[in-house]
There are 2 protein chains.
Amino acid sequence: MEKHSIGRYIASIYRYQSILINKQFEQYGIGCGQHTILINIALNPGINQKDLSERVKIDRANTHRAIKKLEALGYIHTDRDEDDKQIIRSCLTEKGEKLMPSIKSGLHDITEIMIKNFEDPEREEITNLLQKIEENVQKYVKSLRDDS
Amino acid sequence: MEKHSIGRYIASIYRYQSILINKQFEQYGIGCGQHTILINIALNPGINQKDLSERVKIDRANTHRAIKKLEALGYIHTDRDEDDKQIIRSCLTEKGEKLMPSIKSGLHDITEIMIKNFEDPEREEITNLLQKIEENVQKYVKSLRDDS
DNA sequence: CTAAATTAATTGCTATCGCAACTAATTATA
DNA sequence: TATAATTAGTTGCGATAGCAATTAATTTAG
């Protein structure tokens, strides 16, 4: 096994995954930049952009762009918070609700492609290990930002 | 454990990883788009763009752009093949050779950040599982392309 | 041996992404 | 209470990425 291969695998899997997501959701006008945002709005109705960014671990600017696009497509609607007018909350529209089953099943299919022929303990293990890696990297990047 | 989490972890780790790579190699003018290409030219002197693309699993257009940039930075030089003038072969320059140890150690550091606190069997396991995922996804995307 | 098909490299286009700078609203402080 | 600091959202910018179309060189077929 070559050294440094973990990062290489992550990058190459990410790129293939993006291709599959784009293909899967093309018919709905949704690309790999929007589907995670859409799902997280579905899971947390009324969430604001800052919290969404933290959940999805994506830059605020891109969260904003995804929301703009999803709104233009009619899958979500946004409202300013009455008490704090800085905050903009997003919820699914009816059209968005209707789309969710397709999104979920599409993502399920992609996951199945990725872990095809994995034994049950391996499916468990890969998720655990990836979670740990994410935690490590996130913590480290955060520490870099806190320094500056 | 949530469903669809594998893809989410891959994406978020990829983005953090890109941030770290960009920071690590900023001083050399090299970003996360070029370092893999550079390493693979070092490992396979005289490789052409098509083979590089297949190794790195990146689009030919981007391989081309990375080579252009690395050449402009003086880390590699390119030569047309004498027998087949379609083919352009890339090799490290002396400046490139001198840079390699820093690149390798930088990537080693990033890998260590990612798998901090991993036990030895886990380090083994994560690489195996990621390799299998990459194989699955690559095969699937390839099958899609062959259909059309 | 010429025309068609294939191959490798290249360019234009659009999407995604992080960062830095900015605006507007809110909160803290002097 | 008025000013400063913070917070949430927004915009511009440059880098990375895949796809499709183009060009130039080579190979295959008629």
Side-chain angles (χ1 to χ4, degrees), chain A residues 11-23 25-26 29-37 47-54 56-73 78-90 137-138 141-142 144-145 148, chain B residues 11-23 25-26 29-37 47-54 56-73 78-90 137-138 141-142 144-145 148:
Chain A
S12 124
I13 293 167
Y14 172 81
R15 289 191 297 264
Y16 284 125
Q17 173 179 266
S18 300
I19 292 172
L20 291 183
I21 291 173
N22 283 330
K23 272 213 168 34
F25 302 134
E26 195 180 24
I30 290 177
C32 69
Q34 296 97 46
H35 78 284
T36 325
I37 298 293
I47 193 171
N48 65 357
Q49 294 186 23
K50 178 180 171 279
D51 292 349
L52 252 180
S53 298
E54 280 165 15
V56 181
K57 297 169 205 313
I58 218 172
D59 188 87
R60 289 170 178 197
N62 294 311
T63 301
H64 177 72
R65 289 171 193 131
I67 284 178
K68 279 292 165 204
K69 185 155 185 188
L70 289 170
E71 193 177 23
L73 288 166
T78 61
D79 292 292
R80 280 201 182 270
D81 188 290
E82 274 305 306
D83 297 332
D84 185 342
K85 287 182 181 169
Q86 289 180 98
I87 292 176
I88 293 180
R89 305 195 174 279
S90 299
V137 188
Q138 181 178 10
V141 170
K142 209 166 190 173
L144 286 183
R145 286 173 182 155
S148 59
Chain B
S12 125
I13 294 167
Y14 172 80
R15 288 190 297 264
Y16 284 125
Q17 173 178 266
S18 301
I19 293 171
L20 292 183
I21 291 173
N22 283 330
K23 271 214 169 28
F25 302 133
E26 195 180 22
I30 289 176
C32 69
Q34 296 96 46
H35 78 285
T36 324
I37 299 293
I47 193 171
N48 64 355
Q49 294 185 23
K50 178 181 172 280
D51 292 348
L52 253 181
S53 296
E54 280 166 16
V56 180
K57 295 169 207 314
I58 219 173
D59 187 89
R60 290 171 178 198
N62 295 311
T63 302
H64 177 71
R65 288 170 193 130
I67 284 178
K68 277 294 165 203
K69 186 156 184 187
L70 289 170
E71 192 177 25
L73 288 166
T78 61
D79 292 291
R80 280 202 181 268
D81 188 292
E82 274 305 306
D83 297 330
D84 185 342
K85 287 182 181 168
Q86 289 180 98
I87 293 175
I88 294 179
R89 305 195 173 279
S90 299
V137 189
Q138 181 179 9
V141 170
K142 207 165 191 175
L144 286 182
R145 286 175 181 154
S148 60

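Residue numbers begin at 1 in each chain, while the letters A, B, ... track the order of the sequences.
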Measure the distance from [atom1] on [X] to [atom2] on [N] and round it to the nearest whole Å.
X: B/Asp83; N: D/dT27; atom1: CG; atom2: P; answer: 10 Å
X: B/Lys23; N: C/dC17; atom1: NZ; atom2: C1'; answer: 14 Å
X: A/Leu52; N: D/dG9; atom1: CG; atom2: C1'; answer: 13 Å
X: A/Arg145; N: C/dC19; atom1: CZ; atom2: C1'; answer: 9 Å
X: B/Tyr14; N: D/dA15; atom1: OH; atom2: P; answer: 15 Å
X: A/Asn22; N: D/dA20; atom1: CG; atom2: P; answer: 12 Å
X: B/Asp59; N: D/dA15; atom1: CG; atom2: C1'; answer: 16 Å
X: A/Glu26; N: D/dA20; atom1: CD; atom2: C1'; answer: 13 Å

Between D/dA25, D/dT7, C/dG18, which nucleotide gets closest to the side-chain atoms of B/Gln86?
D/dA25
Where the side chain of A/Asn48 is defined as all heavy atoms beyond and including C-beta, which of C/dA8, C/dC17, D/dG9 is the nearest nucleotide?
D/dG9
Short side-chain N/O contact to [N] OP1/OP2 from [X], under 4.0 Å:
X: B/Arg80; N: C/dA9; result: no
X: A/Gln34; N: C/dT16; result: yes
X: A/Arg60; N: D/dG9; result: no
X: B/Arg65; N: D/dT16; result: no
X: A/His64; N: D/dG9; result: no

Check: A/Asn62 side chain, C/dG18 base, donor-acceptor under 3.5 Å:
yes
